[in-house]
Amino acid sequence: QVQLLESGGGLVQTGGSLRLSCTATGRTRYIDTMRWYRQASGKQRELVASLASGGLPDYAESVKGRFTIFGDNAKTTWYLQMNSLKPEDTAVYYCNADQTIGPVERPVTYASWGQGTQVTVSS
């Protein structure tokens, strides 16, 4: 697994914006999917945005039109641009990456997680 570190969280008012960053270190080759999850207090972790290599981004219905996921060409850093933030967006946000490694006859997929960054949206 690679090591992932999130940054960019903070406190904003309703309608504000934040950009979260995720940086991967270690063995960063073969990352084929980059994701952002969030987990609000007392609730299950949910998928917010996903970007597969060579594919189109996908978003949870609750954030469509407001959030954008994108990454650099080396796939070592990816971002979540969050606009028009709402109080219900308050959560700890986690970045995630999948790597598929090994020979073609027996590939293995690894999932890596960051430690999370707090986003708080006040009324």
Side-chain angles (χ1 to χ4, degrees):
Q1 293 182 327
V2 297
Q3 292 76 52
L4 306 181
L5 179 63
E6 304 97 336
S7 63
L11 174 65
V12 298
Q13 292 184 319
T14 297
S17 297
L18 285 173
R19 179 178 290 183
L20 306 183
S21 300
C22 181
T23 299
T25 59
R27 297 184 177 182
T28 59
R29 298 180 69 180
Y30 311 115
I31 294 176
D32 49 46
T33 306
M34 299 165 284
R35 302 182 182 93
W36 285 96
Y37 287 79
R38 68 185 180 188
Q39 186 167 23
S41 180
K43 298 184 178 181
Q44 295 187 43
R45 188 172 299 186
E46 65 172 339
L47 178 64
V48 175
S50 179
L51 181 63
S53 180
L56 297 175
D58 194 22
Y59 302 96
E61 189 67 28
S62 60
V63 307
K64 284 183 178 178
R66 300 189 297 120
F67 290 11
T68 304
I69 183 173
F70 61 98
D72 65 10
N73 292 333
K75 297 188 290 185
T76 55
T77 304
W78 56 102
Y79 307 90
L80 185 68
Q81 178 66 45
M82 305 184 293
N83 299 324
S84 302
L85 283 162
K86 306 174 182 179
E88 50 263 44
D89 296 318
T90 295
V92 177
Y93 284 71
Y94 300 88
C95 62
N96 161 266
D98 280 353
Q99 296 171 282
T100 301
I101 303 172
V104 295
E105 64 269 20
R106 290 183 177 179
V108 178
T109 299
Y110 299 90
S112 299
W113 293 87
Q115 294 300 307
T117 184
Q118 177 71 47
V119 172
T120 302
V121 184
S122 63
S123 301

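Fair warning: this is a prediction, and the values are worked out from it, not measured in the lab.
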Chi angles and distances behind the side-chain contact (heavy atoms from CB on, under 4.5 Å) call for Q118, T90: CA-CA 8 Å; Q118 177 71 47; T90 295; 4.0 Å; yes
Exceeds 12 heavy-atom contacts within 6.0 angstrom, atom CD of E61: no
Interatomic distance, OH@Y59 vs CG@L80, rounded to 0.5 Å, equals 8.0 Å
Report, one line per pair, each donor and acceptor closer than 3.5 Å where one atom sits in a side chain of residues 106-116; sequence neighbours left out.
| unit_1 | atom_1 | unit_2 | atom_2 | d |
| --- | --- | --- | --- | --- |
| T109 | OG1 | T100 | OG1 | 3.3 |
| S112 | OG | V2 | N | 3.2 |
| S112 | OG | V2 | O | 3.4 |

Looking at every non-hydrogen atom in both residues, tell me the closest pair between V48 and V63 and how far apart they are. O-CG2, 3.8 Å
If the condition is ring-ring contact (aromatic ring centres under 6.0 Å, His included), which residues does Y30 pass it with, not counting sequence neighbours? none
Quick check: closest heavy atoms across R19 and Q81, and the distance to 0.1 Å? NE-OE1, 2.7 Å
Would you say Y37 and F67 are hydrophobically clustered, going by side-chain heavy atoms of ILVMFWY under 4.5 Å? no
Could you work out, with side-chain hydrogen bond (donor to acceptor under 3.5 Å, both in side chains) as the rule, every residue matching S84, not counting sequence neighbours? none
Residues that Y79 engages under ring-ring contact (aromatic ring centres under 6.0 Å, His included), provided they are two or more places apart: F70
Closest non-hydrogen contact found for L4 with A24 is CD2-CB, 3.5 Å
Say you draw a straight line from OG1 of T76 to CD1 of I31; how long is it, rounded to the nearest 0.5 Å? 7.5 Å
Looking at side-chain heavy atoms only, is the closest gap between L47 and R35 below 4.5 Å? yes
Look up atom NZ in K86 and atom CZ in R66, then write down how far apart they are to the nearest 0.5 Å. 4.5 Å
For residues 85-109, which residue pairs qualify under ring pair (Phe, Tyr, Trp, His ring centres under 6.0 Å), counting only residues two or more places apart or in two chains? none
Any idea which heavy atoms bring T117 and E6 closest together, and the distance? CG2-CB, 3.9 Å
For T28 and T25, indicate whether the former's side chain and the latter's backbone hold a donor-acceptor pair under 3.5 Å. no
Any side-chain heavy-atom pair from D89 and R38 closer than 4.5 angstrom? yes
Between W78 and C95, the two heavy atoms sitting closest are NE1-CB, 3.9 Å
Single-linkage hydrophobic cluster, 4.5 Å side-chain cutoff, L51 and M82 together: yes
Which atom pairs, donor and acceptor, lie under 3.5 Å between side-chain atoms of residues 8-18 and protein residues at least two apart or in another chain?
| unit_1 | atom_1 | unit_2 | atom_2 | d |
| --- | --- | --- | --- | --- |
| T14 | OG1 | S122 | O | 2.8 |
| S17 | OG | N83 | OD1 | 2.9 |

